[in-house]
A.B. asks: 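I'd like to ask you about the structure that follows.
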Amino acid sequence: MAAVFLHKKRKPRLEQGHPWVYKSEIDRVDGEIEPGQLVPVQTHLGQYLATGYYNEASQITVRIVSYKPLEAMTTEFFVERFTRCLQHRKRFVKDAQSYRLVYGEADFLPGLIVDKFEDTLVVQLLTMGMDRCREQIVAALIQVVKPTGIFERSDVSIRELEGLKQTKGLLYGECPKHVDILENGLRIRVDIEEGQKTGYFFDQRENRAAIAPLMTGWGHRSGIELKEVEEDGVSQTLPVNANGKVVSFPYWDGASVLECFSHTGSFTLNACKFGAKKVTCLDISEHAIESARTNVALNGFEERVEFVVADAFEYLRTQVKGLDERKVRANAGSGKAKVDTSKPVTDGGRTWDVVILDPPAFAKTKSAVEGACRGYKDINLHGMKLVNEGGYLVTASCSYHMHPELFLETIHAAATDAGKILRLIEFREAGMDHPRILGVDEGHYLKFAIFEVRSK
């Protein structure tokens, strides 16, 4: 029988629960093994450790699926695993009908992603081992979840590292191009055919809701206070501005918010739900902004949202440049500096109470970390400069290679250069439908932080 034997002097990662066996850890392979075939993994002495599927074409040569001998990943095998996945989501993502159902290694199914959008499932088969089992996977999902349709979005480059072609298309039933889901009480329209990855990012669900306390409590900055007002002989507590007039705008106490890298506008939607006064929703993609525009309309927030199609880096720099010019002109007016006021002021100079930065992964490989640090520092430095005094910077990184300590160090360095002092209010990770196996650092990819921004 074929088997994989590991080096004597390797690190005991497999014994500590890590589900990957790298090519460099393998001492020898006995027998003939087809790509994607299950194989027992043993120590150099022949002691059984686990069973995984093998692919010589990949640097991650074996991916573990069981710590007991297993002959085949049958439909029954997947039914048992999917049932456990569903039980976990029903326990921790209560009342939600849309979530990540299967999260690869963290659900003991490496190379498989399944997202549930109401009654529609979107599947990614990322490895040779899972690709060989597509019929069993589909059959088991039908049995456990009973979806109306299953759509495949295996159109990702990582498959090519496994010797597979990118592919997408219908696997079962009927799947509409767009599926409306509910998240945090908000309607969101997901494009399962053309949207990024599987169409939507569930990992930030709880983080989006975490911005709720930031969205109100700003009215006093405009001189608005709640006062007892007598109207038509009835005494009421109403918002009143500095001129003594009653303010009729319902979101008078709301924050001004900038969301960069908006994608589907999910943070914009949550900002509006929790009382934001005005939100600027920005993305470089026309398609993304159209998606965000649709979602804003679905929730009736059109009057409070403006949309901008622009490169976030350039947009933030432009606003900071305009802000700096205005400060110089203000000093010139007080006689502290000389400036040619005949020249027009640069466009920009806007500031917000809350700036939200949720960029794509800047570091997809270890070698890209240095460049990623520069990118994260730049975007956060300019972002925090545009936060009103005492306002908040909400910032995230989904780069695994950008470890939490390095992420915070990079933002701290940006604050130092910007002349800001940051107070960390909350630090979060991915949601409960994205569990993480202890010791598998590759699953610790999402960092999400809320900072109060003060000037020195």
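Keep in mind the model is a prediction, meaning the values are calculated, not measured.
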A.B. asks: For the side chain of S256 and the backbone of D353, is there at least one donor-acceptor N/O pair under 3.5 Å apart?
C.D. replies: yes
A.B. asks: Which pair of non-hydrogen atoms, one from D191 and one from R153, has the smallest distance, and what is that distance?
C.D. replies: O-NH1, 4.3 Å
A.B. asks: How close do V179 and P176 get, heavy atom to heavy atom, and via which atoms?
C.D. replies: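 Answer, listing the atom of V179 first, then P176: CG2-CG, 3.9 Å.
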A.B. asks: Does a side chain donor of either T237 or E228 reach within less than 3.5 Å of an acceptor in the other side chain?
C.D. replies: yes
A.B. asks: Closer than 4.0 angstrom, basic N to acidic O: yes or no for R205 and D433?
C.D. replies: yes
A.B. asks: Working to the nearest 0.5 angstrom, can you tell me the gap between T280 OG1 and I356 CD1?
C.D. replies: 11.0 Å
A.B. asks: More than 12 non-hydrogen atoms from neighbouring residues, nucleotides or ligands closer than 6.0 Å to CZ on R423, yes or no?
C.D. replies: no
A.B. asks: With rounding to the nearest 0.5 angstrom, report the CE to SG distance, M402 to C373.
C.D. replies: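 With rounding to 0.5 Å, CE (M402) is 4.0 Å from SG (C373).
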A.B. asks: Applying side-chain contact (heavy atoms from CB on, under 4.5 Å) to L214 and I425, what does each step give before you reach the verdict?
C.D. replies: CA-CA 11 Å; L214 315 182; I425 307 301; 5.9 Å; no
A.B. asks: For E306, is there an ion pair with R350 - N to carboxylate O distance below 4.0 angstrom?
C.D. replies: yes
A.B. asks: For K94, does the NZ atom have more than 12 heavy-atom neighbours from other residues, nucleotides or ligands under 6.0 Å away?
C.D. replies: no
A.B. asks: With a 4.0 Å cut-off on N to O distance, would you call R317 and D378 a salt bridge?
C.D. replies: yes
A.B. asks: Would you please say whether a donor-acceptor pair under 3.5 Å links the side chains of Y200 and S98?
C.D. replies: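 Their side chains do not contain a donor-acceptor pair, so the 3.5 Å distance test is not met.
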A.B. asks: Below 30° counts as parallel, above 60° as perpendicular, anything between as tilted: where do the rings of F448 and F267 land?
C.D. replies: parallel
A.B. asks: How about H434 and E429: does a side-chain donor come under 3.5 Å of a side-chain acceptor?
C.D. replies: no
A.B. asks: Which atoms form the tightest heavy-atom contact between I64 and L14, and what is the distance?
C.D. replies: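 Scanning both residues completely, I find the closest heavy atoms to be CG1-CD1, 3.5 Å.
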A.B. asks: Between K277 (side chain) and W218 (backbone), is there a donor-acceptor pair under 3.5 Å?
C.D. replies: no
A.B. asks: Quick check on salt bridge (Lys or Arg N to Asp or Glu O under 4.0 Å): which of E152, E194, E193 does K168 satisfy it with?
C.D. replies: E194
A.B. asks: In a check of ring pair (Phe, Tyr, Trp, His ring centres under 6.0 Å) between F202 and each of Y99, Y103, F117, which one passes?
C.D. replies: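 By the ring pair (Phe, Tyr, Trp, His ring centres under 6.0 Å) criterion, F202 pairs with just one of Y99, Y103, F117: F117.
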A.B. asks: Atom CG of N388 and atom OG of S455: how far apart are they, to the nearest 0.5 Å?
C.D. replies: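 Going from CG on N388 over to OG on S455, the span is 10.0 Å.
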A.B. asks: I'd like to know if R159 pairs up with D131 as an ion pair, taking the criterion as any Lys NZ or Arg NE/NH1/NH2 lying under 4.0 Å from an Asp or Glu carboxylate oxygen.
C.D. replies: yes
A.B. asks: For F313, is there any backbone N or O sitting under 3.5 Å from a side-chain donor or acceptor partner on D311?
C.D. replies: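 Side chain of D311 to backbone of F313, a donor-acceptor pair under 3.5 Å: yes, one is there.
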A.B. asks: What I want to check is whether the side chains of T294 and R189 have a donor and an acceptor closer together than 3.5 Å.
C.D. replies: no
A.B. asks: Within the side chain of K116, is there an N or O that forms a donor-acceptor pair under 3.5 Å with the backbone of E118?
C.D. replies: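 Yes, K116 side chain to E118 backbone: donor-acceptor pair under 3.5 Å.
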A.B. asks: Which value, rounded to the nearest 0.5 Å, describes the distance between R63 atom CZ and L112 atom CG?
C.D. replies: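 Between atom CZ of R63 and atom CG of L112 there are 12.0 Å.
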A.B. asks: Salt bridge check, E389 against R221: does any charged N sit closer than 4.0 Å to a carboxylate O?
C.D. replies: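 No salt bridge links R221 with E389.
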A.B. asks: I would like to know whether R10 and E15 meet salt bridge (Lys or Arg N to Asp or Glu O under 4.0 Å); could you show each step before the answer?
C.D. replies: CA-CA 11 Å; R10 66 185 171 84; E15 289 89 336; 2.6 Å; yes
A.B. asks: Hey, can you tell me if Y251 and F249 have their rings parallel, tilted or perpendicular (30° and 60° cut-offs)?
C.D. replies: perpendicular
A.B. asks: Can you classify the ring geometry of F362 versus F261 as parallel (below 30°), tilted (30 to 60°) or perpendicular (above 60°)?
C.D. replies: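 F362 vs F261 ring planes: perpendicular.
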A.B. asks: Salt bridge check: are K377 and D417 linked by an N-O gap of less than 4.0 Å?
C.D. replies: yes
A.B. asks: Is a donor on one side and an acceptor on the other found under 3.5 Å between the side chain of Q319 and the backbone of G349?
C.D. replies: yes
A.B. asks: Taking all non-hydrogen atoms of both residues, which atom of I450 and which atom of A210 are closest, and how far apart?
C.D. replies: CD1-O, 3.9 Å
A.B. asks: Testing the basics here: between G265 and C281, what is the closest heavy-atom pair and its distance to 0.1 Å?
C.D. replies: CA-SG, 4.3 Å
A.B. asks: Answer yes if the side chains of S58 and E162 hold a donor-acceptor pair under 3.5 Å, and no otherwise.
C.D. replies: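 Looking only at side-chain atoms, E162 and S58 do form a donor-acceptor pair, the distance falling under 3.5 Å.
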A.B. asks: Would you call R89 and D107 a salt bridge, using N to O less than 4.0 angstrom?
C.D. replies: yes
A.B. asks: Restricting to non-hydrogen atoms, name the atom on D253 and the atom on G219 that form the minimum distance, rounded to 0.1 Å.
C.D. replies: OD1-N, 2.7 Å
A.B. asks: Starting at SG of C398, measure out to CG of D203 and round the result to the nearest 0.5 Å.
C.D. replies: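 Those atoms lie 7.5 Å apart.
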